[in-house]
Each structure stands twice: as C-alpha cells, then as structure tokens.
Amino acid sequence: MTLVRILNQSLPMKKLNLIIGILIGITFLSCSSDENNNSTQQDPIIGVWKLTSIELNGENSDLHQCMLEQTNTYKENGNFLSYFWQNEVEPCEFSTVTFQYILEGNILTSINPFETIDNIPFQVTNEIITLNEITLIYKEVADNFEGNYPENQQQVFTYNKVE
C-alpha cells in the first residue's frame, strides 16, 4: 500500500495536501543543500604547499635541507605567503613575505609588489603541469622584465600539500 493511500484513508483532504506539500518541500530542501555543499568547495591551490623538488633540464637539483622546509601558503584573497630560506647559509634562517598571485587556467602568475621597475611590480609566469588536492607542479616560463625564459633555464618546482 502506498503512502498516499494510507494517508488518504486516515486523513481529511486538506491535511493530506498539507503533508504532501511538506514532503515535497523537504525533498527540495535536501537536494538544494547538496548543491550548496558543492559550490563551497575550495580551489585546490588554497592551502599550504611544501617544496619537495626543483628540476632543471630534466634533472633534479640537489636541495639543501633548509630548502626542503620552504612553503607557499595560497589564500583565497589572492595573496600567498612565501616562507623561504633567507641567507642560504647555515644555520637555516627563514623569512616570510606576502606576495600576490593570479590563477587563470593553467597559468599561475606570482606578483612581487616589493620589487619594481618604474613602479611596475615584478611578475613571474608559471605554467602549471599538475594541480590537484595533494600535488602542485609548475614550470617558471617567463617574467615581465626579462620575457620568456630559454627552455634550458625553465625550472620545474614540485610541492606537496601539507594543510
């Protein structure tokens, strides 16, 4: 026996219509809440990324332990914090600087407003090779002062997401 028949036999028509309306409303609300959850998913670049390797001309560079502690933290507001090995001597001394970024398709542009020529901020263009929930790999291909880098000078950076 269906729910409508059971309700029809035991309730007057006005109450039956009210209950059916409530059931339909609950159905729509449950569907729309799923859609809201999907729309609030974060862009996969948002988070803290730890440097794991740098490659040049197909060969991994030997990285000092201090370099392997470097991170980039990308935020939803278009800023990223770079935590980097400051003096490249031991003991490891780190600095944190806030830069800006723009992510359009597979191009990640890093903007350094503190380094300028004629009041134009320095920008590095990176071509994203991989970006997912756990891995970010990009290749530095150009900057706005020097132009396109020769193929043999394009470094590939690999990061793993830690937060």
Side-chain angles (χ1 to χ4, degrees), residues 24-163:
I24 291 171
I26 290 171
T27 302
F28 283 122
L29 287 175
S30 66
C31 290
S32 66
S33 68
D34 288 344
E35 291 170 10
N36 290 340
N37 288 341
N38 290 337
S39 67
T40 59
Q41 287 181 342
Q42 282 188 333
D43 188 335
I45 200 164
I46 305 302
V48 180
W49 297 89
K50 189 171 186 176
L51 180 67
T52 59
S53 71
I54 300 175
E55 183 181 301
L56 181 63
N57 295 321
E59 295 186 23
N60 281 329
S61 301
D62 290 330
L63 300 182
H64 189 279
Q65 184 58 39
C66 296
M67 289 185 79
L68 294 172
E69 294 180 37
Q70 295 181 158
T71 61
N72 285 342
T73 303
Y74 293 91
K75 299 183 173 265
E76 290 182 40
N77 66 2
N79 289 335
F80 80 92
L81 304 168
S82 179
Y83 177 75
F84 62 96
W85 184 22
Q86 179 181 343
N87 57 1
E88 297 193 13
V89 295
E90 290 192 34
C92 299
E93 291 183 23
F94 293 90
S95 290
T96 302
V97 177
T98 301
F99 298 111
Q100 298 162 342
Y101 75 94
I102 300 170
L103 179 60
E104 294 176 326
N106 73 328
I107 301 299
L108 174 62
T109 304
S110 302
I111 305 163
N112 180 350
F114 308 108
E115 185 178 340
T116 63
I117 294 179
D118 296 329
N119 291 324
I120 298 171
F122 180 67
Q123 297 182 19
V124 176
T125 302
N126 305 292
E127 183 181 300
I128 294 179
I129 298 166
T130 302
L131 173 58
N132 57 42
E133 295 297 325
I134 57 172
T135 304
L136 169 62
I137 302 172
Y138 62 78
K139 177 174 31 174
E140 285 186 344
V141 295
D143 69 53
N144 62 328
F145 296 154
E146 300 292 324
N148 292 334
Y149 300 157
E151 187 74 30
N152 65 350
Q153 293 178 11
Q154 295 180 2
Q155 296 183 348
V156 176
F157 293 81
T158 300
Y159 292 85
N160 286 335
K161 194 174 225 178
V162 293
E163 289 180 35

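We use all heavy atoms of the structure for the numbers below, so side chains are in, but hydrogens, waters and symmetry mates are not.
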Donor-acceptor list for residues 44-58 side chains, cut-off 3.5 Å, not counting sequence neighbours:
unit_1: W49; atom_1: NE1; unit_2: I45; atom_2: O; d: 2.8
unit_1: T52; atom_1: OG1; unit_2: T158; atom_2: O; d: 3.1
unit_1: S53; atom_1: OG; unit_2: T158; atom_2: OG1; d: 3.4
unit_1: N57; atom_1: ND2; unit_2: N152; atom_2: O; d: 3.3

**Message:** For a 4.5 angstrom cut-off between non-hydrogen side-chain atoms, does Y138 reach L136?
**Reply:** yes
Distance-only donor-acceptor hits, side chain of residues 125-133, under 3.5 Å, sequence neighbours excluded:
unit_1: N126; atom_1: ND2; unit_2: L108; atom_2: O; d: 3.0
unit_1: N126; atom_1: ND2; unit_2: S110; atom_2: OG; d: 3.4
unit_1: N132; atom_1: OD1; unit_2: I134; atom_2: N; d: 2.9
unit_1: N132; atom_1: OD1; unit_2: T135; atom_2: N; d: 2.8

**Request:** Give, for atom CZ of F157 and atom OG of S61, the distance between the pair rounded to the nearest 0.5 Å.
**Result:** 8.5 Å
**Message:** Rounded at 0.5 Å granularity, tell me how far NE2 in H64 sits from CD in Q70.
**Reply:** 11.0 Å
**Prompt:** Is any side-chain heavy atom of I120 closer than 4.5 Å to a side-chain heavy atom of N144?
**Reply:** yes
**Request:** Could you check if a side-chain atom of Y149 sits within less than 4.5 angstrom of a side-chain atom of V141, using non-hydrogen atoms only?
**Result:** no
**Asked** Is a donor on one side and an acceptor on the other found under 3.5 Å between the side chain of D143 and the backbone of F145?
**Response** yes
**Item:** Closest approach of F94 to C92 (non-hydrogen atoms, all atoms of both residues)
**Value:** CE1-CB, 3.4 Å
Ignoring hydrogens and angles, write down the donor-acceptor pairs under 3.5 Å from the side chains of residues 95-106, residues two or more places apart or on other chains.
unit_1: S95; atom_1: OG; unit_2: Q86; atom_2: OE1; d: 2.6
unit_1: Y101; atom_1: OH; unit_2: K75; atom_2: O; d: 2.7

**Request:** Heavy atoms only: give me the nearest P121-P113 pair and the separation to one decimal.
**Result:** CB-CA, 3.9 Å
**Request:** To the nearest 0.5 angstrom, please state how far the CH2 atom of W85 sits from the CG atom of L68.
**Result:** 10.0 Å
**Message:** What's the separation between atom CD in Q154 and atom CD in E140, rounded to the nearest 0.5 Å?
**Reply:** 9.5 Å
**Prompt:** After noting the C-alpha distance and the side-chain angles of E151 and K139, does the key distance pass the side chain to side chain contact (heavy atoms under 4.5 Å, CB included) rule?
**Reply:** CA-CA 10 Å; E151 187 74 30; K139 177 174 31 174; 3.9 Å; yes
**Request:** Count the heavy atoms of every other residue, nucleotide or ligand shown that sit under 6.0 Å from CG of N77, and state whether that count exceeds 12.
**Result:** yes
**Asked** To the nearest 0.5 Å, what is the distance between OG1 (T116) and CZ (F122)?
**Response** 11.5 Å
**Complete:** The reported gap from OG1 in T71 to CD in E163 (rounded to nearest 0.5 angstrom) is 9.0 Å
